[in-house]
Amino acid sequence: MKAQIVQIGNSQGLRIPKVLLEESGIKGDVELEICPDGILIRNISKPRSDWNKKFKLLSEHDDDVPRSVLASSSQFETKEWQW
């Protein structure tokens with residue numbers, strides 16, 4: 001897909017088609033890196049950004065108990081006890 005660099009105020013910019021943004025998942029703040037073949041654009045990685053989603057999945061599957069607790073727990077502690 002071709003694109004054209006355009007004048008934006010005192011700078012220049014590139015319009016990225018919506019389809020490419022949707023497929024790449026790029027949104028918000030990005031990181032730019034100079035590469036031998038051009039410029040690489042990628043999402044800024046945010047450590048632990050997906051933890052809430054993973055915790056929710058664990059909770060939905062009743063798998064939110066640490067393994068160390070399971071190894072030493074009784075039936076009462078794992079099934080009947082309510083936190």
Side-chain angles (χ1 to χ4, degrees):
M1 184 178 292
K2 286 186 176 183
Q4 186 175 16
I5 296 175
V6 296
Q7 192 71 29
I8 303 174
N10 291 331
S11 299
Q12 293 184 347
L14 179 66
R15 288 190 206 115
I16 302 172
K18 183 179 178 181
V19 174
L20 287 180
L21 291 173
E22 288 173 347
E23 285 187 30
S24 67
I26 292 177
K27 59 184 173 183
D29 294 332
V30 297
E31 185 175 21
L32 301 175
E33 182 180 328
I34 301 293
C35 296
D37 293 332
I39 300 171
L40 174 64
I41 304 171
R42 67 174 143 219
N43 278 329
I44 294 177
S45 68
K46 296 177 183 172
R48 298 175 295 280
S49 64
D50 63 341
W51 278 20
N52 283 337
K53 183 168 52 170
K54 289 184 179 183
F55 287 143
K56 185 176 180 190
L57 282 172
L58 286 172
S59 176
E60 288 171 358
H61 292 94
D62 199 25
D63 193 22
D64 58 346
V65 180
R67 298 288 176 219
S68 60
V69 172
L70 288 176
S72 63
S73 299
S74 67
Q75 169 95 11
F76 174 78
E77 290 173 328
T78 57
K79 297 290 180 193
E80 299 175 27
W81 179 259
Q82 296 294 317
W83 292 94

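Shown here for Cys35 and Leu40, the closest heavy-atom pair between the two residues is SG-CB, 3.7 Å. Here the shortest heavy-atom pairing between Pro17 and Met1 reads CG-SD, 3.3 Å.
Partners of Lys54 by side chain to side chain donor-acceptor pair (under 3.5 Å), not counting sequence neighbours, listed by chain and number: Asp50.
Ile39 has its side chain within reach of Ile34: a pair of non-hydrogen atoms, C-beta onward, lies under 4.5 Å apart. A heavy-atom distance below 4.5 Å is found between the side chains of Ile16 and Ile41.
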Identify all side-chain donor-acceptor contacts of residues 4-13 below 3.5 Å with residues at least two apart in sequence or on another chain.
| from | atom 1 | to | atom 2 | distance (Å) |
| --- | --- | --- | --- | --- |
| Gln7 | NE2 | Gly9 | O | 2.9 |
| Gln7 | NE2 | Ser11 | O | 3.3 |

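Leu32 and Ile44 are assigned to two separate hydrophobic clusters, defined by single-linkage of ILVMFWY side chains at heavy-atom distances under 4.5 Å.
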